[in-house]
Amino acid sequence: WKGVCGEDGASGVEITPAHRALQEFMLEQMRAGMLLCLCSKNNEQDVIGVFEQRSDMLLRRENIVASRINWKSKSENLRSLAQQLNLGLDSFILIDDSPVDCADVKANCPEVLTLQLPPNPELFPVFLDNIWAFDHAGLTAEDQSRTRMYNENTERERSRREAPSLKDFIASLGLRIEISDATATDIPRISQLTFRTNQFNLTTERRSENEVREFLRRAAARCLVVRVADRFGDYGLVGVVMYAIEADQYTVDTFLLSCRVLGRGVEHAVLRHIGQQAVREGKRSIELRFRRTEKNLPALQFLESLNSEYRNTEGEVWSFPAEYLAGVQYVEGPTGATSTSSFHGSLLHSGERFGPAVSSARMQRIGEELYDIKAIA
């Protein structure tokens, strides 16, 4: 909005056509799967008052998954938001009209893509429409439900803090895990997960939709998808296992799970399902291949928690007897690498769209200057 809510009051700030367009842009990004956070230097009740009292506000409080409304620096508040949402700072974009706050974030949170809105509000739509970071393709059902999922996760975290122990919390969730063969409609989400999942991803093998289709066409290959729900809501399709069927074993080349379901026994349920299936089909072993990256320590911790004697000492390969995996169980506590306390929240999920190579200054120039053919020429 235009104006200072602490001085002008909720009825005194203006929702100009340009600011209305800004709000509509934010809602479009939310519908495309991005999360909206509010980082504001204000008194909290003054800001809430505008949301509650102004019927011409397109943005509603329920559209905001997390907020920091205080007088701290925005760089400090962004780090706090990243910790709360379990996201890397390199997945954040700050849009602000204050050159001072933008300079603070550029200096202290250089991973964040920082964009300063033009001084003339009428140029907001032109500026935002030409920032490549806001372009989206191949939206999935999970993208369109992301805000709802994060709001549900806020309720889960509240329940976790109130539970006497991790075991009590997990028992209270009423976890439902569905493991099934992938279908054609799952392909966009499968491909998306191969690119986006970094923490619990054994090989980080990235696959386009066409490459997933090609894999599914192989006679001796199988792809499983994992869906999870609990009493708070539906996580959607959060896991993928892709493996080759050989004479006496399965060879798993992709096993990944969204970090949102780690530490609750889903990992074990998936391997138990594969183990039981292998036993039924007369296979002796299941080979899990691991490729180390900077971010997939949780996947390694999980493998190491199962049984180190099945690890090939010459490489990052685990070869488990099918019967062993058919009976694997989740055990709460420090010996279980998937315990929430082991890594959940300490290794932050890295953003997929915005890496260090993306320069805020270059993106700013594109939005401000290089948005028509004459300027580019």
Side-chain angles (χ1 to χ4, degrees), residues 86-88 90-91 179 182 187 189-216 218 220-226 237-246 249-263 266-275 278 283 285-322 324-325 328 336-339 342-344 346-353 355-357:
N86 196 27
L87 294 169
D90 58 352
S91 67
I179 303 168
I187 289 174
R189 176 61 174 166
I190 293 170
S191 172
Q192 184 183 71
L193 281 172
T194 68
F195 283 98
R196 290 189 175 184
T197 309
N198 296 306
Q199 289 190 70
F200 194 97
N201 191 331
L202 266 61
T203 58
T204 61
E205 184 75 32
R206 315 302 191 184
R207 282 188 169 95
S208 67
E209 291 185 27
N210 282 337
E211 287 170 330
V212 174
R213 290 189 185 93
E214 181 62 30
F215 182 90
L216 292 174
R218 299 177 191 172
R222 188 172 290 166
C223 178
L224 301 176
V225 292
V226 183
L237 200 166
V238 292
V240 176
V241 182
M242 304 174 79
Y243 60 95
I245 304 171
E246 299 177 10
Q249 74 170 24
Y250 292 163
T251 301
V252 178
D253 104 330
T254 295
F255 178 22
L256 61 85
L257 283 172
S258 167
C259 62
R260 291 182 292 120
V261 297
L262 297 183
V266 178
E267 309 93 311
H268 299 76
V270 173
L271 285 190
R272 187 165 59 249
H273 176 92
I274 296 172
K283 308 301 180 185
S285 61
I286 297 170
E287 184 176 283
L288 296 170
R289 296 177 178 175
F290 179 78
R291 185 185 304 135
R292 191 185 299 264
T293 71
E294 293 180 357
K295 298 171 182 175
N296 68 350
L297 176 61
L300 177 60
Q301 289 178 324
F302 171 69
L303 288 174
E304 290 177 337
S305 75
L306 293 172
N307 196 321
S308 59
E309 74 173 90
Y310 298 121
R311 181 177 186 172
N312 182 340
T313 56
E314 296 179 359
E316 303 282 35
V317 176
W318 277 256
S319 185
F320 295 98
Y324 176 83
L325 288 189
V328 72
T338 53
S339 168
S342 297
F343 56 80
H344 188 70
S346 62
L347 293 172
L348 297 179
H349 174 63
S350 172
E352 297 79 26
R353 295 187 180 91

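These numbers come from the heavy atoms of this one structure, side chains and all, not from hydrogens, waters or symmetry mates.
Although no hydrogens or angles enter the test, the distance criterion places no donor-acceptor pair under 3.5 Å between the side chain of R207 and the main chain of S191. Side-chain N or O atoms of S91 include one that pairs as donor or acceptor with a backbone N or O of G88 at under 3.5 Å.
Note on R291 versus E205: salt bridge recorded, some NZ/NE/NH1/NH2 to OD/OE distance being below 4.0 Å. Between E304 and R311, at least one side-chain nitrogen of the basic residue sits less than 4.0 Å from a carboxylate oxygen of the acidic one, meeting the salt-bridge criterion.
When all heavy atoms of N198 and F195 are compared, the pair lying nearest together is OD1-O, 4.5 Å. The nearest pair of heavy atoms linking Q199 to C259 is NE2-CB, 3.5 Å. Across S208 and E211, no two heavy atoms sit closer than the pair N-OE1, 2.7 Å. The two residues N201 and T197 come nearest to each other via the heavy atoms ND2-O, 2.9 Å. When every heavy atom of Y310 is checked against every heavy atom of P321, the shortest pair comes out as CE2-CD, 3.4 Å.
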Working for side chain to side chain contact (heavy atoms under 4.5 Å, CB included), residues I274 and L325: CA-CA 8 Å; I274 296 172; L325 288 189; 5.8 Å; no
Should C223 and I190 be marked as a side chain to side chain contact (heavy atoms under 4.5 Å, CB included) after you check the CA-CA gap, both sets of side-chain angles, and the distance that decides it? CA-CA 10 Å; C223 178; I190 293 170; 3.9 Å; yes
Residue pair W318, L306: steps toward the side chain to side chain contact (heavy atoms under 4.5 Å, CB included) verdict: CA-CA 10 Å; W318 277 256; L306 293 172; over 6 Å; no
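Using modelled atom types, one finds a donor on one side chain and an acceptor on the other under 3.5 Å when comparing N296 with T293.
Between L271 and F255 there is a side-chain heavy-atom pair separated by less than 4.5 Å. For the pair V226/H273, no side-chain contact is recorded, criterion being any heavy-atom separation below 4.5 Å from C-beta on. Using a 4.5 Å heavy-atom threshold, the side chains of L303 and L202 count as touching.
Separation of atoms CG (L216) and CE (M242) is listed at 6.0 Å; rounding is to 0.5 Å. Distance CZ/F200 to OG/S258: 11.5 Å, rounded to 0.5 Å. Taken from CD in E209 to OG1 in T194, the straight-line distance is 9.5 Å, to the nearest 0.5 Å. The CG atom of D253 lies 11.0 Å from the CD atom of E287; values are rounded to the nearest 0.5 Å. Remark: Y324 OH to I286 CD1 distance equals 12.0 Å, nearest 0.5 Å. A distance of 6.5 Å separates CD1 in I245 from NZ in K283, rounded to the nearest 0.5 Å.
Residue-environment remark: CZ (R289) stays at or below the threshold of 12 foreign heavy atoms within 6.0 Å.
In this view, R218 and F215, A221 satisfy the side-chain contact (heavy atoms from CB on, under 4.5 Å) rule, not counting sequence neighbours.
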